[in-house]
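Presented below is the structure to which this report refers.
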Amino acid sequence: MEWMLMPYQRYFDFSGRSRRKEYWMFVLLSVIVSMISVALMFAGGLQGEMADGSAPGATFWLGVTILSIWGLGSIIPSIAVQVRRFHDQDRSGWMILLGFIPYVGGLIVLVFMCLEGTRGANRYGADPKDPAGASVFA
């Protein structure tokens, strides 16, 4: 759970490096919250147009509220953790803009998020897997 919440602890921190584990645990938490919210929306009446013309129930609006608050509260941490992932690979955080390329941009960013970071310190900071910089066999 610590890894899932770490991007919220580093809310506006666009410097430094983040491990793949931090990024993917944050993505997993986001998917879980989104799935729960959508399940609440379906339970409250999001089956499409209702046959009798009735409005969605309170559970639907609870799901919408949770999803909206979660989405708005997660925009900056999600951008920050992606920037730190690019920094872990010794790339500029501006590479996040690749996601705006139509059709293939999201795939390109996904591939970069899956790549391992550079070993040892780079221009963005110490290695998050080995913060002390110590090697066992050195």
Side-chain angles (χ1 to χ4, degrees):
M1 193 69 175
E2 177 185 341
W3 287 100
M4 290 179 171
L5 299 176
M6 194 177 296
Y8 290 103
Q9 295 168 353
R10 300 172 68 182
Y11 199 86
F12 280 106
D13 185 11
F14 290 87
S15 62
R17 297 167 62 174
S18 289
R19 296 175 57 177
R20 282 183 293 187
K21 185 175 187 176
E22 179 182 347
Y23 176 77
W24 288 110
M25 287 302 209
F26 177 73
V27 169
L28 177 64
L29 178 64
S30 296
V31 167
I32 290 170
V33 171
S34 298
M35 288 175 60
I36 290 171
S37 298
V38 170
L40 286 172
M41 291 166 65
F42 272 109
L46 181 71
Q47 297 94 358
E49 286 189 33
M50 302 237 182
D52 58 357
S54 63
T59 310
F60 171 82
W61 294 110
L62 176 65
V64 168
T65 303
I66 291 171
L67 192 60
S68 300
I69 291 171
W70 179 263
L72 289 174
S74 297
I75 290 172
I76 293 180
S78 64
I79 294 170
V81 76
Q82 278 189 339
V83 167
R84 290 192 308 266
R85 273 299 301 140
F86 279 119
H87 287 177
D88 190 39
Q89 300 164 12
D90 204 17
R91 292 182 170 84
S92 171
W94 288 104
M95 288 189 68
I96 196 171
L97 297 176
L98 289 172
F100 289 111
I101 298 173
Y103 305 113
V104 297
L107 183 63
I108 294 169
V109 172
L110 174 69
V111 168
F112 278 122
M113 294 298 109
C114 292
L115 295 176
E116 186 176 2
T118 57
R119 295 185 185 267
N122 66 17
R123 61 185 165 156
Y124 296 104
D127 188 353
K129 285 187 177 181
D130 187 19
S135 177
V136 176
F137 300 105

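Keep in mind that the numbers below use all heavy atoms, side chains included, and drop hydrogens, waters and symmetry copies. Counting begins at 1 with the first residue of the sequence.
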- Would you say the side-chain atoms of S74 pair up with the backbone N or O of G71, donor to acceptor, closer than 3.5 Å?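 Pair absent, no side-chain N/O of S74 close to backbone of G71.
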Would [X] and [Y] show up in the same hydrophobic cluster when neighbours are defined by side-chain heavy atoms closer than 4.5 Å?
{"X": "W24", "Y": "L28", "answer": "yes"}
{"X": "I69", "Y": "I79", "answer": "no"}
{"X": "W70", "Y": "L5", "answer": "yes"}

What heavy-atom pair brings [X] and [Y] nearest, and what distance separates the two atoms?
{"X": "P128", "Y": "S18", "answer": "CG-C, 4.3 Å"}
{"X": "G73", "Y": "Y11", "answer": "O-OH, 3.1 Å"}
{"X": "I76", "Y": "F14", "answer": "CG2-CZ, 4.2 Å"}
{"X": "H87", "Y": "R91", "answer": "CD2-O, 3.5 Å"}
{"X": "G63", "Y": "L40", "answer": "CA-CB, 3.9 Å"}
{"X": "P7", "Y": "V81", "answer": "CG-CG2, 4.1 Å"}

To the nearest 0.5 angstrom, please state how far the [atom1] atom of [X] sits from the [atom2] atom of [Y].
{"X": "M6", "Y": "D13", "atom1": "CE", "atom2": "CG", "value": "11.5 Å"}
{"X": "F42", "Y": "F60", "atom1": "CZ", "atom2": "CZ", "value": "9.5 Å"}
{"X": "E22", "Y": "R10", "atom1": "CD", "atom2": "CZ", "value": "5.5 Å"}
{"X": "M41", "Y": "T59", "atom1": "CE", "atom2": "OG1", "value": "12.0 Å"}
{"X": "I32", "Y": "S37", "atom1": "CD1", "atom2": "OG", "value": "11.5 Å"}

- Exceeds 12 heavy-atom contacts within 6.0 angstrom, atom CZ of F100: no
Just distance, no hydrogens or angles: give the donor-acceptor pairs under 3.5 Å from side chains in residues 107-120, sequence neighbours left out.
unit_1	atom_1	unit_2	atom_2	d
E116	OE2	R119	NH2	3.2
T118	OG1	R17	NH2	3.4
T118	OG1	D88	O	3.2
T118	OG1	N122	ND2	3.1

Answer whether the closest heavy-atom distance between the side chains of [X] and [Y] falls below 4.5 Å.
{"X": "V64", "Y": "L67", "answer": "no"}
{"X": "W94", "Y": "F86", "answer": "no"}
{"X": "I66", "Y": "I36", "answer": "no"}

- Test M35 against V38 for side chain to side chain contact (heavy atoms under 4.5 Å, CB included), laying out the working first. CA-CA 5 Å; M35 288 175 60; V38 170; 5.9 Å; no
- How far apart are the C-alpha atoms of R20 and K129, what are their side-chain angles, what is the distance that settles it, and do they pass the side chain to side chain contact (heavy atoms under 4.5 Å, CB included) test? CA-CA 10 Å; R20 282 183 293 187; K129 285 187 177 181; 4.0 Å; yes
